[in-house]
Amino acid sequence: MIRYVLRRLLQLIPVFFGTTFLIYALVWAVPGDPFSGKCGQQACPQAYIDLMTEKFHLNDNLFVQYFKYLGSLFSGDWGETFNGSSVGEMIATSYPITLRLALVAVLIEAVIGLTAGVLTGLRGKGFLDNLVLVSTTFLISLPVFVTAIVLQIVLGVNLGIIDASVSDDPSFGELIVPGIALGSLSMAYVARLTRTSIAENRHADYIRTAIAKGQPNSRVIGIHLLRNSVIPVLTFLGTDLGALMGGAIVTEGVFNINGLGGLIFRGLQNRESATVVGVVVLLVLVYLLMSLIVDLLYAVLDPRIRYD
Amino acid sequence: MTDPNLVGGGGADAAQLSHVDSSADAGPKKPRSLWGDAWRQLRRKPTFVISALLILLIVLIAIAPGLFSHRPAGYSDLAHANEGPSADAWFGYDNQGYDVYARTIYGARASLLVGVFATLLTVLFGSLIGIVAGYYGRIVDSLLSRLGDIFAGLPFVLGAIVILTTFNAPGTNPGQVTIIVQVVCSIAVLTWPVAMRIMRSATLVAKQLDYVKAARALGASTPRIVFRHLLPNTLAPVLVYATIALGAAIGAEATLAYLGIGVRPPVVSWGVMISDARDYFRAVPHMLLFPGAFVTITVLAFVMLGDGIRDALDPKSR
Amino acid sequence: MGEPILSVRELVKHFPVRTGVLFKRTIGQVKAVDGVSFDLQQGETLGVVGESGCGKSTLAQVLMRLEEPTSGSATFQGRDLFQLRGAELRRMRREIQIVLQDPYTSLNPRMTVGDIVGEPFEIHTEVAPKGSRAKKVRELLEVVGLNPEHVNRYPHQFSGGQRQRIGIARALALRPKVIICDEPVSALDVSIQAQVMNLLGELQGEFGLSYVFIAHDLSVVRHLSTRVAVMYLGKIVEIGTEDEIYERPSHPYTQALLSAVPVADPAVRGQRQVIRLEGDVPSPIDPPSGCRFRTRCWKAADICATEVPKLEPRTDGHLSACHFAEVKSVVP
Amino acid sequence: MSTVSSSPGPTAEHELLLEVEDLHVEFRTSDGVASVLNGVGYSVHAGETLAVLGESGSGKSVTAQTIMGILDTPPGVITGGSIRYRGEDLLTASADRRRQVRGAEIAMIFQDALSALNPVFTVGFQIEEQLRVRLGMSKKDARKRAIELLDLVRIPAAERRVKDYPHQFSGGMRQRAMIAMSLALDPDLLIADEPTTALDVTVQAQIMDLLADIQRERRMGLVLITHDLGVVAEVADRIAVMYAGRIVEQADVRELFSSPGHPYTAALMDSLPRLDLKGQTLETIKGLPPSLLDIPPGCPFHPRCRRAEQRCRDERPSSHALGFGRVSACHFAEEVVESRG
Amino acid sequence: GGGGSSSGSSGEADPNGTFTVYGTEPQNTLIPTNTNELGGSKAVDPMFSGLVGYKGDSGEPYNLMADSITTTDSKVFDIKIKHGWKFHDGTEVKAKNFVDAWNYGANSANGQINSTFFENIQGYSDVHPADKGAKPTKDTMSGLAVKGDYEFQVTLDAPFSVFTTKIGYTAFAPLPDSFFKDPDAFAKHPIGNGPMKFVSRTPNVDIKLTRFDGYQGPDKVKFKDLDVKIYASQETAYQDLLSNKLDFIETLPPSALTADKYKTDLKENLVTGHLLGISTIAVPYYVPGYNNPDLRKAISMAIDRAQITKTVMHDTYVPADGYVSQGIQGYRPGVCGEFCKYDPAKAKEYFAKSGFKGKLTIASNADGGRKEPLVAACNSIKNTLGVECDFVPATDFGQWRSIVTGHKLTGMGRSDWSADYPSIEDFLNPLYRTGASSNDSTYSNPQVDAMLKQADSTADKDAAVKLYQQAEDLIAKDLPSIPVWDEKGVAAKSKHTKTVVLDFRRRADYSSVEVLKK
Ligand SMILES: Nc1ncnc2c1ncn2[C@@H]1O[C@H](COP(=O)(O)OP(=O)(O)OP(=O)(O)O)[C@@H](O)[C@H]1O
Ligand SMILES: Nc1ncnc2c1ncn2[C@@H]1O[C@H](COP(=O)(O)OP(=O)(O)OP(=O)(O)O)[C@@H](O)[C@H]1O
Ligand SMILES: [Mg+2]
Ligand SMILES: [Mg+2]
């Protein structure tokens, strides 16, 4: 198993290069030059463009640019944005915030989603099931920006429970409402995946055994049933952390959270490869780690799964 | 009656069997399969019938919107802008003076196309990769999984901008079909890893089971094991994922439209309407309400359909 | 006798034993099968009996290539079983079939019985033309004593014995040359068991089928087998004709086994001479040195701890792996 | 508590543990309604072993599940009858009470050990679980007791094997793990559904001895569902034979073996292979088991019965006493007994 | 200039208060010659004081650091600066700080974004050769001469009457000596001579300034700290403003505008101004079929400007009727005449005459509320002319501009302009001269070019304005782009803010700000 983990960690290396290159190439391929929108309605002075082009190696071919980027990356320099901010510093401030937000979201969706899923999976058809069905469908069909704004307006402006925007370095508490907005779609996924999985397993023979042993319901469900049903849900949650971190653009925008989503979005608009690549590399790393963790958890949750 | 080669101890004579046969309606029962059974079961389920009818209705709207609305999608009358529902315009007018009802009706086509096809592509492609990765394991799994990780790590907006702008040089105005195909493909390309991982996990669990062993012992080929044995047993979570992904795809389409790279005028979609309504829904709620309701109903129909199918495919839940 | 149809030499299968939740360490090997050799002739039945956990199922699964062997060889009709790949392997599987021990998990819960039993025909399409398959399936079900009306039922709707019969029907479908039966009748009531045994016998007579028949019920084994192998902790300790094993067992373990067979007659209750084996059952992870049975053997001497007894002809000529082999009749 | 019992023998003076009366269970499937139990009734006294024999699919396991209250409902429906444990009607008892009874008072060994064991927990955990939850034992004590129990059922290297998962056990080992699990709480009544099918005869003998010891010490009642007539002959006090969802015969073990009171029982005896001789063809019961969707009118066994007459086709025989506590559901029970005796 | 102010709130002003304004992330380094957009200039402008300032309410230029600016021919300017002004690091502001800063800004080697602002100065082509890739031949412009510590002379290539107004633009600010030692370090911590000094900056979060107490100018601020808080969403900023977490936002988000909600939300906290900007729709000559005056007229007359500004833009814009912004000196109503009036009948007539076949499109970036008015315009054209008209979105401003500057429009395009300095000249030269930097329609009329040139070199301001007006008349005849609307400018303040004025560049005029004690 150690060998498996080591192998997986080794796989990080090619994936790292693959991803960075891919992203680099993609940002590079985004049409439009970075300076066309820099000077308002006018074209920018050629001298400015030349200087920036040289400074950011924009005239080199893709591979040279990429290797120069890697070179500085390995010397600890994440590069600079066109407005002179250090990408490394910006990521360092944004990263923890987004991570926190995504964690809050994952936590919320896991708790609410799992609870709803287990309850409906066990009860089967009925009022609760329909209620959850309809409310999850609502969450699915409302885009995040609507959910986020509605929450902001209702809780923030109308009821005054929260502030419309969070502070510069938001605490977990402040991130609960943004987390709900961010995690709402995934919550629907979690609830429904759990429900299915539970419904699938609740007739299993070993559940009967657990009942026959006279175990209290809470144990039968919470331990025997859940552990056997949680794998698809866990898979989803595992991939979701990364997705939430990268997909928090809208939520971050609405609650004015200085996170990675905004960073990527601005980087993309300004065609700043350094920012985009930097952030995406981190996101892919999160993905890789999460999928490693999830894969390891599979083996913990279901000992029949073997990796060797 | 019996194969002469298989003279078993149980070879019952006709008189004795006559009783058994009389228990069936007439003659031997036709063999059925899981899918046949599922279908029989589905037909009798009211939720399935309702959701199927709903979907049919929406499809009909998508195919022939003209039957449902006498106004074209592009009808606008600024004089009525922001007016609420009335006999004249059932869903009211939006901030551009568009008739919300007409647009909702005409928006069904693009939304449904994007939702259904993006989901189909995502799920088919993702599941295939996932089942292959899970079944073969080892190097195949590593390669496919890491590929999935890379694509999953790619932020949707970045990927979509790159894909859609590379195919449509900025400023050009591609045809409706082209743009919908492109939107579908970009959503699929960027979201398949989730379906893949779900399928992979289900496969990892299912492939350990004895019946897979039994099938191997029979000499079943890999595709057979995968499609006949693993797939029906791993389908449930993916099916659930798919029904939700359908809603998410409609939402993703809204995001793309908002970024100016998705479907664009004169094509209308619910996503476009919702994204247009984002700034106005507080003052003009019906701008969001009606397209939103249509999305909700559509997604609900598909979720119910998916649930029905899942139930039907689970012999134990009958 | 002619060329054996299946010939197994020094077959070994070890399972690694691991501990730890995440970071598993291999701390030993379960020596499930540890050097097993035997020949199976065309048209004969080799009964395999032995202590539970002694590696019978593992042996069966390795022979079916469901588990990869650790070492050793097996030839089927002259071809090396363990070298087969792809299409060849598939063809081989037409010829050798298995009835898996566990009738619950070996049936796909999402296939109807008709599909399960009919699947072999779909895999090996050459066996039966499409139109005749449904009929064949019904016949097979009848043959194993299942109501053909039940083709559309799912495994969970059957009782344990009924499921086992589904497994048997599936294995019979292709009419293979060799069937490895891993406790095929243990969950059947005696009348169905009799039916199935009769059927197996008839098929053998007619087509020269060969069986490897794993069972715990020694009466059943005797009834069907031409030869019987007795296994203990991954090794064959005694092998001989049905008569040799039952009437003239020479290995103490065989004798103990035979003596413990319950007799279906309450009148003789408590009057039998049962050889009770004392001592702890050794673990296959670190089996005792020398003779593996010595820890529980009443004849054990020093040599048993140091020297592994070879499986060789002893006493009356059949193979036995005991230094002190001695015929003793225990069957009443 | 009334200890008046119709059955004679050594158990008569003992407390009546379980009394199943006229139990009816149906499965509502898509094909129709399968009447799986059609009036099953038997009783078990403390210290007594009741063997339940019968055709496979005749409803033995379903009866056991119904007693344990773990029948899947739906599709199963209990349409009638009662189950009384020490006089208390279990079918009407509260869910809480039933849970208390399960495991601690009535325990069950499942027919299929692999699927009945939770694949994702170690065998040890599944045994300890009961000790810890029901008896409040500490983790360490529970582990110790689990190892003891595994030892008791002859699992080699028990202290190492407790940490194994079910799939790492052989068929027989799983079955023994199941047995250990069912014994963990010292139940008063044990329902053993084919507990030894996967065991070799030496281990089987040891396990049966173990159960006998426990029975003797703690006066545990045992319902033994099995196909192994040898085991039945060795350990059972009384026998109930099931066919098509009803008890067709109940008798003391010796009586039944010497002279079956029902043609089905008789046919069963005839099908038995014998260790001491290698016969050619075994006797079988002709025909197929009845479809439970549509049980033949009259005696359900009549299509396969050698003795069947018109009466058997028209009239359902009721259980009637043959003396010595024997009960048979055959119109011609006396003649059957005569012919064998 | 119609700058309005608000002073609804009563209460005591707090000289030590904090003023928090809505901000966006600066696009460039915080150096005056490199700052050209709102996000950056919100912070840069108060840190620097140029020779000329613009009055907050009217936009009228006045001498700020300049003691006097004298010229006889509008070609050579003698500039004396005030004594005793200090940079935030304590060094005194001298004439050479201006000259050095301008030379630096113009030099192509420094690649400053505002370098073109210096193009009228003699010798500009030496430091900034026009050819791509050419290196500057000199370090300094010959037109700049230091005459003493507090005096310098500027010589232009040709007479340019607007120069005295133009030098009020941020790019013309002086830079301290320390800047030239290490421009990069300076960019991280700018040192200016303006009313406020730099405190700190966190990218994507905020920029903090504080009052510079040694400031000499008339435009001192009456509060202590300025906090430019960066938002990703105007919507959220607006919500924060309503809950008084933010003191000023210069635009209102669409949700506030819809159904005139902002009027009830804000009441006396609404701040209106008049921006010097104009929105037009470019009709590029290079698009086949568009070089057709009848089509232009038809389109222009088919747009119901009044209706659209009222319903879609909620009265934050007014219909445009000429090519310069209303409120600039030299603006005349109705220059565009009947062509900028909605007249469906005539529009149809012209359209029929034009013989145009096919589909019209209007392209623009779709973000930032740009889409809605153009969609409405398209609909108006469609409904009037019965021709198909579609809005074509671009992903963002950068992409959009690259389409326009690359002449890749396939139909009409948005062409909005806001002035850098308050002069009629700034509405014509950059837009309608042949080859001008923002001539999106690729309009070329030698008469217009000549007229503009003549106006530029007219020393007398009023005479120059007359000439510019004549040029505008010529342009209006050709209708190179279609004037549509003109932004009024509505901003909002919190109730903690006593007064604030919205200036013509859409910023809070900080000198007017008074915050209330909290
Ligand atoms: N879920 C179900 N749906 C329909 N029929 C069922 C279901 N479960 C069991 N049955 C039927 O009920 C009958 C009794 O089953 P049960 O498991 O009690 O048999 P059994 O006597 O234990 O047989 P065996 O000895 O083979 O285990 C069988 O005919 C079986 O097909
Ligand atoms: N996957 C596995 N991993 C580890 N050990 C295993 C595995 N499968 C089997 N074993 C071990 O191998 C040994 C032999 O098992 P096998 O199933 O072959 O026994 P068996 O002879 O069939 O017993 P039974 O009669 O009880 O079915 C047992 O000790 C078992 O625990
Ligand atoms: Mg086995
Ligand atoms: Mg059973």
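Protein chains get the first letters and strands the later ones, always in sequence-line order, with residue 1 at the start of each.
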- Please flag which part of Arg216(B) lies under 4.5 Å from any non-hydrogen atom of chain C: side chain, backbone, both or neither. both

- In terms of heavy-atom proximity below 4.5 Å to chain B, should Leu100(C) be classed as side chain, backbone, both, or neither? side chain

- Message: Sub-4.5 Å heavy-atom contacts with chain C: which residues of residues 228-244 of chain B show up?
- Response: Arg228(B), His229(B), Pro232(B), Asn233(B)

- Item | More than 12 heavy atoms from other groups under 6.0 Å of OH on Tyr136(B) | no

- Closest non-hydrogen atom pair between Tyr211(B) and Pro109(C), with its separation: CE2-CD, 3.4 Å

- With a 4.5 Å cut-off on heavy-atom pairs, point out which of Val113(C), Val137(C), Ile123(C), Leu107(C) contacts chain B the most. Ile123(C)

- Note on the structure: Residue from Met92(C), Arg90(C), Glu119(C), Met111(C) scoring the most non-hydrogen pairs under 4.5 Å with chain B is Glu119(C)

- In terms of heavy-atom contacts, Leu218(B) and Arg93(C) come closest through C-CB, 4.1 Å

- chain B heavy atoms under 4.5 Å from Glu122(C): which part of the residue, side chain, backbone, both or neither? both

- Note on the structure: Under 4.5 Å to a heavy atom of chain B? For Arg91(C) that would be neither

- Heavy-atom closest contact (Arg170(C) atom, Ala214(B) atom, distance): NH2-CB, 3.3 Å

- residues 48-60 of chain B vs chain C, non-hydrogen distance cutoff under 4.5 Å, contacting residues -> none

- Message: Under 4.5 Å from any heavy atom of chain B, what part of Arg94(C) do you find: side chain, backbone, both or neither?
- Response: neither

